[in-house]
Amino acid sequence: MAYEHKEIEKKWRAEWAKRKTYRVENNPSRPKYYVLDMFPYPSGAGLHVGHPLGYIASDIVARFKRHQGFNVLHPMGYDSFGLPAEQYAIQTGQHPAKTTEVNVARYREQLDNIGFSFDWSREVRTSDPSFYKWTQWIFLQLFDSWYDPALDKARPIAELIARFEAQGCTGQDASVLTGDVEEFIGEFSAAEWKSFDERTKQLVLQHFRLAYISDAWVNWCPALGTVLANDEVKDGVSERGGHPVERKRMKQWSLRITAYAQRLLDGLDTLDWSESIKEAQRNWIGRSEGATVRFALTPNPSPRERGTAQPTWAERPGYLTADGTVAGKLQDLARENRKAPTEAEEKLWQQIRAHATGGRIRRQHIIDRYIVDFVSLPKRLVIEVDGSIHEARQEEDAARTARLKELGFDVLRFTNDEVMAELPRVVDTIKATLDARPNVAHSSPSPSEKGSGGEVIEVFTTRPDTLFGVSFITLAPEHELVPILTNADRKAEVEAYVEKAKNRSERERQAEVDKVSGVFTGSYAKHPFTGADVPVWVGDYVLAGYGTGAVMAVPGGDQRDWRFAKHFGLPIIAVTEGADIDKEADERKDATISSEGFLKGMKVPQAITRAIQELEKLGAGEGKVNFRLRDAAFGRQRYWGEPIPIYYKDGIPYPLPESELPLKLPEVDKFLPTAEGEPPLARAKDWSYSPLPGRGAGGEVYPIETTTMPGWAGSSWYFLRYMDPHNPERFASPEALNYWKQIDLYVGGSEHATGHLLYFRFWTKFLHDRGWIDFDEPAKKLVNQGMIQGKSAGLVRVFLHRGNKDLPKDLPYEKAPEVFMGFDLHYLLCQPDHAEYKTARQYVVDYITNFYNVTYPEGKVYPDFSVGRPDLFNKGILIPIECIGEDEETVDILKLKQNNLFSRAEFIEWKGRVVCLRQVDKMSKSRWNVVNPDDIIEKYGADTLRLYEMFLGPLEQSKPWDTNGIEGTFRFLRKFWNLFHGAGDAFGVSDDAPTKPELKILHATLKKVSEDIEKMSFNTSVAQFMIAVNELGSLKCDKRAVLEPLVIALAPFAPHIAEELWQKLGHADSVTGAPWPQWNAEYLVEDSFSYPISFNGKTRLQLEFPIALDPKSIEAAVLANPEVQQRLEGKAPKKVIVVPKRIVNIVV
RNA sequence: GCCCGGGUGGUGAAAUGGUAGACACGAGGGACUUAAAAUCCCUUGGCCGCAAGGCUGUGCGGGUUCGAGUCCCGCCCCGGGCACCA
């Protein structure tokens, strides 16, 4: 009987389903092993041969572990929320749930064809309400948590409230605010906390929650109509689709992943993950150690002192808004006022500062001769709260308002009563007014906006040891102090520069990295150590989003500062010994400090420590760790995602009660944003929540959040759901969580290095902190399978030159079909020196002339033509690979013409054929180079596909798909099958005792395969199986004692054929449950070893000696050998090295 | 620029510091067959040689070692990640 793969595989797929062979129970009495594949997104294109690579590898490990007696959890499911289904829905009106359903069915069918041991009873889908109920629940846990830096873990928000009630909020708590999006809300006492109203309290708490909403800089993608996470943006365009992305400030849900930065970094050391992934995460987290340094600002002499005319406010040094003549007196008064605010002022202040709106709001600020209650300097808006006394002073107030207007301020007035009675309305009015006003200072995304103390420029540096080399300070163009620090005479220049820098796209900025640009503000800051005046510049090499958006420039020690200094002729101070500062900055970290000051002569690390000490002594700075990691944007203006279970009351977000979960996706008429630009969920009818019974009937009704969660929400915790997938009470029971714990082996692509793999670790740590799980890393071991690439095929397009006056006017260009040629012909046309060049060119000219059937004036060569670029990634024309012949390069023109896009095309043959260029490329539907596993399975069977994908090379390595070698693995399976089938193809094995050589082959194979699976070196295990089959074949071995263990060993790789043979061997149960055959070293013992005898390391002959022979005797025997003697030519060897069971080397 | 990988026959690739190229594809030759498929055998890194054999060979240049694809130093090239990150 021949090896009939189709029948066998069909039979066993059905049998496995019937017997529930792969069903896994939670059984704490057995040792567990959890193997997981990264969640696939079920795309419409289906699986290609690259997808199963990792699944096959993990399936082999899962089956192997099962043979070894482990209870193996090996589930599969779908990350079924996502953009493609929604885009498709927008185009076709088809509900994404429906598309997803179809795609999932297709995936399932393809996966089933490959014979995986997935326990499908545990399948999960992120878009299933019974799943996303728990995604929403975890979100609510995040919302209900804050990060306690003292305990270094997340805690319930109730505990923060208790703390506020007991001790208020001290400066130390500021370190909780690690995100980049919110402003520090200031300190408050326990008494103050208690006096806050509900709304204020909620606003304050927003600044601490791990899931919070705020005005944030986001990556807005207009084409996709949504915001993107940092890892979804590459080189300024969206990773999916390549649409431009811009920075935009908008209300946004974020997750405070930054609180976990240090732990995410530290945890990497405990993980058995590939170094490249760990390195990518380290880069992404971007920890840098250094110091914060504060430079006090040096006021410029005022114009008045210089005897010039009364300046307008806008011309002043900005923050100095007071009239110099009365400033001193007013300052005292203002200070007093701040200490004793009226009740209304205090109430409003708490609201305003909690609101984080319109940049920083100052209170009791002096402007000209007046103390105003509140002011936003960047928005030039004054807010006054008038007591009853103002009624008698209306005239005076009018004069005051007029003066403020003259200075460029608008005044918003409220009465005490208004503030007390209608606070929300007052706040909303202020907000609306602020929002409507243009920003004079560009609002800074800097996390360091502290809002207290005197005016300073705060910088972050990793090299405080170079402080004595500071010769200027550079601010990012977006820095909030820029407009304030700009001197009147430089205003136009600075504004122009800022405007230009702001409008330059991220892409441009990256492209023009070597162009130095900047502008002097005219202001100076005080050096904290020397007291020297340091000029303040603006330069776009400083990024607003990192550190404080300002750097202390040390041109002697930092190459970027050096270039800036060189370009603008600023002083360059040598900071280190042996530096050649005329040529470049010295960035060495093992140097000795040479700049004048107390650090001189110290080594860099020592100087860093000392500098920080001194800064702290002066109160001018302190040691600080900075991270590049930003908080994760969590809201998407999209339909097809998990709804965020939040409702709004007075504009404040509140969690939906657990009993309301899952909050199901509502039906909408269209999957597009509303006319007002609201997300699609805003289209839903009755998208609101009423806490009282009788929803909508007399009870209060509150709007529900309209953004949805991003694609990575569900995948951040799905591995836990597989442990207990149908639990209606919890995301998974404690018993299941305690049994399965972490993933033992996680297999997937390295493209998830900084996205999924970081969020998934973050959520795990969070759930651990809140006591839901007792481990804080999700996956112990991670293996990245390489990509299987496609091979694109392309042709060269021929372009007829237009606009040539000599050409006949009636050439039918517009109607002309496209003309293509092969790459062999194109190559000739590019080689004017080639012998065939002229022939080839004339051939093409003749072809085209003939084809268009036109005649030309005598002596002219027409038509004039050019050809496309041969680079497929650029301008080459890709063609479907199905249209290529067996030789892998000749185009099958008839087949190609069946494709609509080419039906009218013409192909210029050369030497009877059209040759396409093949280029290794990403395998994707759009590149027409997809190889479908179903086709391979149809021809060779799933077992062959599985073996072949493993045989291709190391799992981690990327390689182009090539069916060249597949015959080899197919032949191997046939030979394996034939070992069990004697003459006449009848099944038959003998029960004779195996011979020594047979046992040796068997045990050598068992040893190699067992070890290789542990190492995930599958290509070498397949090779070993081939060796075994070849050798047993030549020995004509048909012994059960040899073949039966081999069936078990092969079962993880080729389960269908193994089951069939197992059954034929007389077993009623499945081979998957058979215990793994142990190899026995006894059978591998050799009696003798054939020693390579080398002279000076070059092997010359082989001599066989018994294993037991000691090195001394071997040496004697080798030297006694006539051939060796002959080679020695009578000379005595200098040295003889005998390595037992390895080699003999004679040194002459 | 920085940080990870990697570079071995015509191809995919093996190789605890110890006989480089296992295994497989492809190619060439042969057997069986009317023929094809299937199967089996031989050859297959390069160069020289009828042969025995010799020389050479793991991106390049050095080094360590009795012995280096493997370890060290300096380059080149390819793939991936990060990037005016202070």
Side-chain angles (χ1 to χ4, degrees), chain A residues 2 234-235 274-284 286-288 290-291 293 459-464 466 474 476 509-510 512-516 539-543 545-554 557-561 563-564 587 626-629 750-751 753-754 784 786-787 789 920 947-948 951-954 956-969 971-972 974-975 978 1017 1019-1027 1029-1030 1033-1034 1090-1102 1133-1148:
Chain A
K234 276 216 161 99
D235 302 324
S274 79
E275 204 46 49
S276 62
I277 294 282
K278 290 206 259 185
E279 204 51 38
Q281 293 213 344
R282 285 189 193 109
N283 282 338
W284 195 255
R287 182 184 204 270
S288 50
V293 184
V459 303
F460 173 74
T461 176
T462 54
R463 295 289 301 276
T466 62
T474 315
R509 275 179 73 156
Q510 276 174 357
E512 294 168 21
V513 153
D514 6 284
K515 271 198 200 155
V516 177
D540 71 357
Y541 79 96
V542 180
L543 303 177
Y546 185 76
T548 62
V551 301
M552 56 175 229
V554 184
D558 182 284
Q559 191 58 26
R560 291 155 311 186
D561 295 340
R563 276 187 11 215
F564 195 84
E587 298 187 334
N626 219 0
F627 293 96
R628 200 185 74 102
L629 185 71
S750 56
E751 67 272 20
T754 51
N784 299 116
M787 255 203 315
Q789 294 142 320
V920 173
L947 276 172
Y948 182 58
F951 186 61
L952 228 40
E956 292 91 339
Q957 212 161 294
S958 288
K959 52 238 151 189
W961 176 260
D962 202 329
T963 42
N964 278 345
I966 202 163
E967 289 286 344
T969 46
R971 261 175 229 161
F972 156 74
R974 262 202 315 247
K975 286 191 231 171
N978 288 338
S1017 172
N1019 54 330
T1020 50
S1021 9
V1022 175
Q1024 181 61 40
F1025 277 122
M1026 289 175 170
I1027 293 169
V1029 165
N1030 288 343
S1034 19
S1090 177
Y1091 283 88
I1093 312 299
S1094 58
F1095 292 78
N1096 292 338
K1098 287 181 208 272
T1099 308
R1100 288 296 176 232
L1101 65 149
Q1102 303 266 325
K1134 282 199 192 119
K1135 200 172 172 185
V1136 178
I1137 290 126
V1138 178
V1139 184
K1141 279 172 78 180
R1142 286 259 183 256
I1143 202 167
V1144 176
N1145 191 17
I1146 299 164
V1147 186
V1148 289

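Proteins come first, then strands; the chains are lettered A, B, ... in the order of their sequence lines, and each starts at number 1.
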Peer 1: Give me the distance, rounded to whole Å, that separates G45(B) from G28(B) when you measure between the C1' atoms they each carry.
Peer 2: 16 Å

Peer 1: Could you give the CZ-to-C1' distance, from Arg974(A) to A24(B), as a whole number of Å?
Peer 2: 15 Å

Peer 1: In whole Å, what separates the P atom of G63(B) from that of C3(B)?
Peer 2: 27 Å

Peer 1: Taking atom C1' of C85(B) as reference, at what distance in whole Å does atom CG of Asp561(A) sit?
Peer 2: 13 Å

Peer 1: To the nearest 0.5 Å, how far apart are OG in Ser276(A) and CD in Gln281(A)?
Peer 2: 10.5 Å

Peer 1: Check every strand shown and say whether Lys1134(A) touches a base, only sugar-phosphate, or nothing at a heavy-atom separation below 4.0 Å.
Peer 2: nothing

Peer 1: Return the pairing partner of G69(B) with a 3.5 Å limit on both distances, Watson-Crick or G-U wobble; otherwise return none.
Peer 2: none

Peer 1: OP1 or OP2 of A13(B) less than 4.0 angstrom from a side-chain nitrogen or oxygen of Gln957(A), does that happen here?
Peer 2: yes

Peer 1: Rounded to whole angstrom, note down the C1' distance from A24(B) over to C78(B).
Peer 2: 25 Å

Peer 1: Between G5(B) and C71(B), how far is it from one P atom to the other, in whole Å?
Peer 2: 12 Å

Peer 1: Check for a donor-acceptor pair, side chain of Asn626(A) on one end and backbone N or O of Ser288(A) on the other, with a separation under 3.5 Å.
Peer 2: no

Peer 1: With RNA chain B as reference, determine whether Ser1090(A) or Ala1023(A) sits nearer its 5' end, using the nearest nucleotide of each.
Peer 2: Ser1090(A)

Peer 1: Take Ile277(A) and Phe627(A), find for each the nucleotide of RNA chain B with the closest heavy atom, and name the residue whose nucleotide sits nearer the 5' end.
Peer 2: Ile277(A)

Peer 1: Can you find a side chain N or O atom of Arg560(A) that sits less than 4.0 Å from OP1 or OP2 on C85(B)?
Peer 2: yes

Peer 1: What are the two closest non-hydrogen atoms of Asn784(A) and Ile277(A), and how far apart are they?
Peer 2: OD1-CG1, 3.0 Å

Peer 1: Using both distances under 3.5 Å as the test, list the Watson-Crick or G-U wobble partner of G57(B), or none.
Peer 2: none

Peer 1: Any heavy-atom pair between the side chains of Pro954(A) and Asn1019(A) that's under 4.5 Å?
Peer 2: yes

Peer 1: Among U56(B), U19(B), C84(B), which nucleotide sits nearest the side chain of Lys1098(A)?
Peer 2: U56(B)

Peer 1: Can you identify which nucleotide, out of U19(B), A86(B), G12(B), has its nearest atom closest to the Pro1092(A) side chain?
Peer 2: U19(B)

Peer 1: Does the structure show a Watson-Crick or G-U wobble partner for A36(B), both distances under 3.5 Å? Name it, or say none.
Peer 2: none

Peer 1: Across all strands shown, which nucleotide pairs with A51(B) by Watson-Crick or G-U wobble geometry, both distances under 3.5 Å?
Peer 2: none

Peer 1: Distance check, P atoms only: U11(B) and C47(B), in whole angstrom units.
Peer 2: 15 Å

Peer 1: If only atom types and distance count, is the side chain of Ser1094(A) paired as donor or acceptor with the main-chain N or O of Val1144(A) below 3.5 Å?
Peer 2: yes

Peer 1: Identify whether the glycosidic angle of G59(B) places it syn (within 90° of 0) or anti.
Peer 2: anti

Peer 1: What integer number of Å spans the C1' atoms of U43(B) and C75(B)?
Peer 2: 40 Å

Peer 1: Just by distance, do the side chain of Gln559(A) and the backbone of Glu587(A) share a donor-acceptor pair under 3.5 Å?
Peer 2: no

Peer 1: Starting at NZ of Lys1141(A) and ending at P of G18(B), how long is that distance when rounded to a whole Å?
Peer 2: 14 Å

Peer 1: For Asn1030(A), report the nucleic acid contact type (base, sugar-phosphate, nothing); a contact means any heavy atom under 4.0 Å.
Peer 2: sugar-phosphate

Peer 1: Salt bridge check, Glu275(A) against Arg282(A): does any charged N sit closer than 4.0 Å to a carboxylate O?
Peer 2: yes

Peer 1: To the nearest angstrom, how far is Ile1143(A) atom CD1 from A20(B) atom C1'?
Peer 2: 12 Å

Peer 1: Under the criterion side chain to side chain contact (heavy atoms under 4.5 Å, CB included), I'd like the reasoning laid out for Met1026(A) against Thr969(A): C-alpha separation, chi angles, the key distance, then a yes or no.
Peer 2: CA-CA 8 Å; Met1026(A) 289 175 170; Thr969(A) 46; 3.8 Å; yes

Peer 1: With 3.5 Å as the limit, what N/O pairs link the protein to nucleotides 62-68 of chain B?
Peer 2:
{"from": "C66(B)", "atom 1": "O2'", "to": "Asn1145(A)", "atom 2": "ND2", "distance (Å)": "3.1"}
{"from": "C66(B)", "atom 1": "O2", "to": "Asn1145(A)", "atom 2": "ND2", "distance (Å)": "2.6"}

Peer 1: So do Val1147(A) and Asn1096(A) actually touch side chain to side chain, heavy atoms under 4.5 Å?
Peer 2: yes

Peer 1: Where the side chain of Glu279(A) is concerned, which of C3(B), A86(B), U39(B) is the nearest nucleotide?
Peer 2: C3(B)

Peer 1: Can you tell me if Asn1019(A) touches the phosphate of A14(B), counting only side-chain N or O atoms and a distance under 4.0 Å to OP1 or OP2?
Peer 2: yes

Peer 1: Whether the side chain of Tyr1091(A) engages the backbone of Gln1102(A) through a donor-acceptor N/O pair (distance < 3.5 Å, no angle test) should be reported.
Peer 2: no

Peer 1: To the nearest angstrom, how far is Arg628(A) atom CZ from C3(B) atom C1'?
Peer 2: 13 Å

Peer 1: Taking CD from Glu956(A) and P from A13(B), how many angstroms apart are they, rounded to a whole number?
Peer 2: 13 Å

Peer 1: Could you state the CZ-C1' distance from Phe972(A) to C40(B), rounded to the nearest angstrom?
Peer 2: 18 Å

Peer 1: Taking the minimum atom-to-atom distance to the side chain of Thr461(A), which one of C40(B), A86(B), C84(B) wins?
Peer 2: A86(B)

Peer 1: Which nucleotide, in any strand shown, forms a Watson-Crick or G-U wobble pair with C2(B), with both distances under 3.5 Å?
Peer 2: G81(B)

Peer 1: Pro954(A) near the nucleic acid: base, sugar-phosphate alone, or nothing, with a heavy-atom cut-off under 4.0 Å?
Peer 2: sugar-phosphate

Peer 1: Rounded to whole angstrom, note down the P distance from C85(B) over to G80(B).
Peer 2: 22 Å

Peer 1: Just checking Arg1100(A): base, sugar-phosphate only, or nothing, at a heavy-atom cut-off of under 4.0 Å?
Peer 2: sugar-phosphate

Peer 1: Look at the side chain of Thr1020(A) and decide which nucleotide, out of C25(B), A86(B), A14(B), has an atom nearest to it.
Peer 2: A14(B)

Peer 1: Expressed as a whole number of Å, how far does the P atom of G67(B) sit from that of A13(B)?
Peer 2: 32 Å

Peer 1: Which is true for Asp962(A) with a 4.0 Å heavy-atom rule: it touches a base, it touches only sugar-phosphate, or it touches nothing?
Peer 2: nothing

Peer 1: Write down the distance between CG (Leu1101(A)) and C1' (G54(B)), rounded to a whole number of angstrom.
Peer 2: 15 Å

Peer 1: Applying the Watson-Crick and G-U wobble criteria at under 3.5 Å, what pairs with G12(B)? Answer none if nothing qualifies.
Peer 2: C23(B)

Peer 1: With under 30° as parallel and over 60° as perpendicular, where do the rings of Phe460(A) and Tyr546(A) fit, or are they tilted in between?
Peer 2: perpendicular

